[in-house]
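Before any comments, here is the structure.
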Amino acid sequence: MSAPLVNQPDVISLGCRLNIAESEKLRAMLPDGEDVVVVNSCAVTNEAVRQTRQAIRKARRARPDARLIVTGCAADIEREQLADMPEIDGLISNQSKLDPRAWNLPSDHAPLAPTKTRAFIAVQNGCDHACTFCIIPQGRGTSRSMTIAEVLREVEQHLELGAREVVLTGVDVTSWGHDLPETPPLGALVGAILDRFPSLARLRMSSLDGIEIDEALFELFASEPRLMPHLHLSLQHGHDLILKRMKRRHLRGDAVDLVQRLKARRPDIAIGADLIAGFPTETAEHHQANLSIIRELDTVHGHIFPFSPREGTPAARMPQHDRALIKERAAELRAAAAETRTNWLDSLVGEPLQVLAEGDNSGYSESYARVALPSGTQRGTILTVTPNAHEKGLLQ
């Protein structure tokens, strides 16, 4: 009789790119042959918590005999509620999840996650700000930065393993360096990576707080071809009063000015933005400002979130809108974002695009348009694709 198959560790990742990057490290850290499932949870909204609980139940049904461990933001923010779930065998705090000792492993047991097409590097974690809608600082703690030397070492390891694109990620990436000696700006880190690794084909930034983009980083976005022309802004709203009630640090004009200055230098830069629909006290006029900023910034990568009150945040104590109105406004924002995206994709027809191939016969252009590729294209290949008018080759 053949031996039964050994269950391998599994990591289920929910939420942001930072969680994805951390999940890859967790997957590499857990020893082969261990019958364990880890749910790396998210708690940014009530819906994220619901999905976390759903993922836990699904994982238990799929692996009834495995040890089921929950970590991530919900493991801290929703600790008592999750501890009551019979499916869970243990909780590991978010700040301890990449510490091998939390998993009863030697302290030096931290192998690098295997590299796929692109490598996500969490250069920063935590947040020192207090946006009124956000619960994440309670799950991530204060802002903490990797040193330039630590980042360079990790980039080098990924390049040796075959990465063609590196993505710098974090909770509040533009606060990188604030806790380091001499408080270096993020542009210093990006410049150091590009200078040290001329073989790095593509460097991409995850979501940034536009008001904290320093002049060195601005100049790199404007002129460095290896820094991808793709800027995703943590914008949140298009009206100044709502931004103030959110305790954001920018105003509408700051975002407009930043994008106009960048597009004047690099017209092909693609703008993305996070926007919240139906924030407490948002009037019809405020909502129209949200709609209009999508068009004014030509937002082609729009991430729209219906406001969801999180217990423990100031915004949850403000007068709330009816859920139906929030859903209606979110739908209008999504329609506006879809229109600008469609127009942008149409503008790429006939234009040569440099595409990094994924393993599913598609890939991403430098400006993060998803592009269909010929069957059998090898993962990690960078090739030129020119979508034609009859068959655009662009995937929505």
Side-chain angles (χ1 to χ4, degrees), residues 15-19 21-22 42-46 48-49 72-74 76-78 93-95 122-146 168-180 182-190 205-215 217-218 231-259 272-277 279-282 286 290 293 303-305 307-318:
C16 62
R17 285 183 173 181
L18 178 56
N19 249 18
E22 292 170 338
C42 179
V44 66
T45 63
N46 291 331
V49 174
C73 287
D76 288 355
I77 296 169
E78 304 286 337
S93 73
N94 206 23
Q95 294 190 44
V123 300
Q124 178 274 343
N125 207 330
C127 185
D128 292 336
H129 304 298
C131 297
T132 59
F133 56 84
C134 187
I135 196 75
I136 294 306
Q138 296 183 34
R140 290 280 179 178
T142 57
S143 182
R144 308 174 303 283
S145 307
M146 292 176 65
L168 303 186
T169 187
V171 174
D172 180 30
V173 182
T174 39
S175 71
W176 176 89
H178 292 184
D179 58 322
L180 296 177
E182 300 182 10
T183 59
L186 183 59
L189 174 64
V190 175
M205 307 300 295
S206 61
S207 182
L208 300 177
D209 196 333
I211 198 68
E212 292 190 343
I213 292 178
D214 59 273
E215 282 306 311
L217 182 56
F218 177 91
L231 173 61
H232 193 93
L233 295 172
S234 180
L235 187 62
Q236 309 307 346
H237 210 276
H239 195 282
D240 286 349
L241 181 59
I242 298 299
L243 288 168
K244 290 179 180 178
R245 288 173 178 168
M246 290 178 167
K247 288 192 71 174
R248 300 295 293 164
R249 295 171 302 287
H250 66 271
L251 298 175
R252 179 191 179 103
D254 297 319
V256 171
D257 176 68
L258 172 66
V259 171
D274 299 326
L275 289 168
I276 295 175
F279 188 81
T281 75
E282 180 189 75
H286 301 152
N290 233 5
I293 202 166
H303 292 177
I304 310 302
F305 301 91
F307 176 76
S308 175
R310 291 293 282 120
E311 186 178 352
T313 64
R317 300 190 295 272
M318 297 177 184

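Here Asp76 does not pair with Arg140 in a salt bridge; the nearest charged N to carboxylate O distance is not below 4.0 Å. A salt bridge between Arg249 and Glu212 is present, with a side-chain N of the basic residue lying under 4.0 Å from a carboxylate O of the acidic one.
Under a 3.5 Å cut-off, the side chain of Asp172 and the backbone N or O of Cys127 do not form any donor-acceptor pair. One N or O on the side chain of Arg252 and one on the backbone of Gly238 form a donor-acceptor pair closer than 3.5 Å. Of the possible polar contacts, one joining the Thr132 side chain to the Arg245 backbone as a donor-acceptor pair under 3.5 Å is found.
Shortest non-hydrogen contact noted between Ala74 and Cys42 is CB-O, 3.8 Å. Listed here is the closest heavy atom pair of Gln138 and Gly312: NE2-O, 3.6 Å. Heavy-atom minimum distance, Asn94 versus Gly72: OD1-CA, 3.0 Å. Leu235 approaches Arg248 most closely through the heavy-atom pair O-NE, 4.3 Å. Ala122 and Leu18 get closest at one heavy-atom pair: CB-CD1, 3.1 Å. Closest approach of Gln124 to Ser143, counting heavy atoms only: NE2-OG, 3.1 Å.
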For Leu251 and Lys244, run side-chain contact (heavy atoms from CB on, under 4.5 Å): C-alpha distance rounded to whole Å, both residues' side-chain angles, the deciding distance at 0.1 Å, then the answer.
CA-CA 8 Å; Leu251 298 175; Lys244 290 179 180 178; 4.1 Å; yes
CA sep, side-chain torsions, deciding dist, call: Cys73, Val44, side-chain contact (heavy atoms from CB on, under 4.5 Å)
CA-CA 8 Å; Cys73 287; Val44 66; over 6 Å; no
Are Glu282 and His237 close enough, and set up right, to give a side-chain contact (heavy atoms from CB on, under 4.5 Å), and what steps lead you there?
CA-CA 10 Å; Glu282 180 189 75; His237 210 276; 2.7 Å; yes
For the pair Gln236 and Phe133, evaluate side-chain contact (heavy atoms from CB on, under 4.5 Å) and give the outcome as yes or no after the intermediate values.
CA-CA 10 Å; Gln236 309 307 346; Phe133 56 84; 4.0 Å; yes
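For the atom pair CD1 (Ile213) and OG1 (Thr174), the distance works out to 7.0 Å, reported to the nearest 0.5 Å. Expressed to the nearest 0.5 Å, how far CG of Asp274 lies from CG of Leu233 amounts to 9.0 Å. To the nearest 0.5 Å, the span separating CE on Met246 from CE on Met318 amounts to 9.0 Å. In this structure, OG1 on Thr313 lies 12.5 Å from NZ on Lys247, to the nearest 0.5 angstrom. In this structure, CG in Leu275 is found 4.5 Å from CD1 in Ile304, a value given to the nearest 0.5 Å.
Donor-acceptor pairing under 3.5 Å is recorded for the side chains of Asn46 and Ser308. Side-chain contact, Ser207 with Arg17: no donor N or O sits under 3.5 Å from an acceptor N or O. No donor-acceptor contact under 3.5 angstrom links the side chains of Ser234 and Asp209, judged on distance only.
Every side chain to side chain contact (heavy atoms under 4.5 Å, CB included) that Asp214 has, sequence neighbours left out, goes to Pro185, Leu186, Ala216, Leu217.
Taking the six-membered ring where tryptophan is involved, the planes of His232 and His303 are tilted, since the angle between them lies from 30° to 60°.
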